[in-house]
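Data block below; observations after.
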Amino acid sequence: MPVLLQALSDPLLTQKGVELSVLREDLLHPGIPGNKWRKLKYNLQAAREQGCEMLVTFGGAFSNHIAAVAAAGKAFGFATVGYIRGEETLPLNPTLQQASACGMYLRYLSRTEYRLRNEARFQAEILKTAPKPYLLPEGGTNLLAVKGCTEVVTELTEPWDVLCVAAGTGGTLAGMVVGAGGNGKVIGFPALKGGEFLQAEVTDLVQTFAGQAYPNWELQTNYAFGGYAKHTPALLTFMQQFHQHHGILLDPVYTGKMLYGVFDLVRQDYFAVGTKIIAVHTGGQQGWAGYAQRYGLAWPTADIIQ
Ligand SMILES: *Cc1c(COP(=O)(O)O)cnc(C)c1O
């Protein structure tokens, strides 16, 4: 089924003569929205083919990846274990409550232990006790995830000039660069402070997966709003107005920052008249409940988050 492409109507876009649509990847799969479904798809196939019965992964306490793996395990019949960074906090936040309700077994790692998560010896140790485990890295980025994310682009049926996407590990961006195959331009918006490090990471992933480099992509690193999972009043106001005008709920960690950046670049005449831009809504709304709680936000209200 093709993903919904929602054209935005906005005075700024009209004034600047550019077209902007939102690719509603957030509606792809209930419980496993957006890029998390794209990144898991071929990994779930591989897990099944290898006869694995259990998905094991890592994440922070508000992680969309943890939520998605838990939901995928429930939907596709895998046991799931989530190694969470930091100490257990009770009651569980909405993300972990939901993951636990999907049957995910939650384990907690101190920050020191968590730093070892990618080391072979550490992984061997934690996998010793798991029957037939399939290991997914934090954030879910590996080459099969990149493969899944190429399809964000190859499944597009409408013409486009520029694709915009939020970046955490850069796996989704890398897949989209490969999917674009040298056509148009792909812009990644890092959600972390110091997102320049993604230049090398994405270059590496693209080179490893495709066996070649592509020049037609870039990072816009000015839209991290103070760092990962941080925000400013201006960002929240933008997201609230975006929801009011377009009926689309963005998330505060990734897509809100990306779309703020896209509008800011439009305002600065970054895009030539006539440019067709597609911004990818990668999902992430599951994190809102915990985020709003943590920062004591009055918006969005519970009925909007649902
Ligand atoms: C995980 C996530 C991202 C980041 O994806 P990467 O492949 O790690 O760059 C972007 N947007 C949303 C909503 C996410 O949940």
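For ligands, and for the atoms within them, numbers begin at 1 and follow the listed sequence. Source: prediction; values computed, not measured.
Scanning the protein for heavy atoms near atom 1 (C) of ligand 1, the closest one is K36 NZ, 1.6 Å. What sits closest to atom 4 (C) of ligand 1 on the protein, heavy atoms only, is G168 N, 3.4 Å.
Taking the six-membered ring where tryptophan is involved, the planes of Y223 and F189 are tilted, since the angle between them lies from 30° to 60°. Using a 30° and 60° split on the angle between ring planes, Y260 and F238 fall in the perpendicular class, above 60°. Ring geometry for Y295 against Y291 counts as tilted: the plane angle lies between 30° and 60°, on a 0 to 90° scale.
Every atom of ligand 1 with a heavy atom of G170 under 4.0 Å away is listed here by number and element: 6 (P), 8 (O), 9 (O). Contact atoms of ligand 1 toward A167: 9 (O) (distance under 4.0 Å to a heavy atom of the residue).
For the pair G283 and ligand 1, the shortest N or O to N or O distance does not fall below 3.5 Å. Note: an N/O pair closer than 3.5 Å links T282 and ligand 1 by distance alone. No N or O atom of G284 sits closer than 3.5 Å to an N or O atom of ligand 1.
Looking at E201 and T169, their side chains never bring a donor and an acceptor atom within 3.5 Å of each other.
Among L205, L198, L173, T169, the residue whose heavy atom lies nearest to atom 8 (O) of ligand 1 is T169.
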Handout entry: Working for salt bridge (Lys or Arg N to Asp or Glu O under 4.0 Å), residues K41 and E151
Key = CA-CA 11 Å; K41 178 179 165 190; E151 296 176 354; 2.8 Å; yes
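The proximity of N35 to ligand 1, defined as any non-hydrogen pair under 4.0 Å, is limited to the side chain. Within the 4.0 Å heavy-atom criterion, the part of N64 lying near ligand 1 is the side chain and not the backbone.
Using a non-hydrogen distance threshold of 4.0 Å, H281 does not register as a contact of ligand 1.
Checked against a 6.0 Å centroid threshold, the rings of W299 and F242 do not count as neighbours.
Under the 3.5 Å distance criterion, the side-chain polar atoms of N93 are matched with a main-chain donor or acceptor of A61.
In this structure, V273 stands alone, with no Ile, Leu, Val, Met, Phe, Trp or Tyr side-chain heavy atom under 4.5 Å from its own, directly or through other members.
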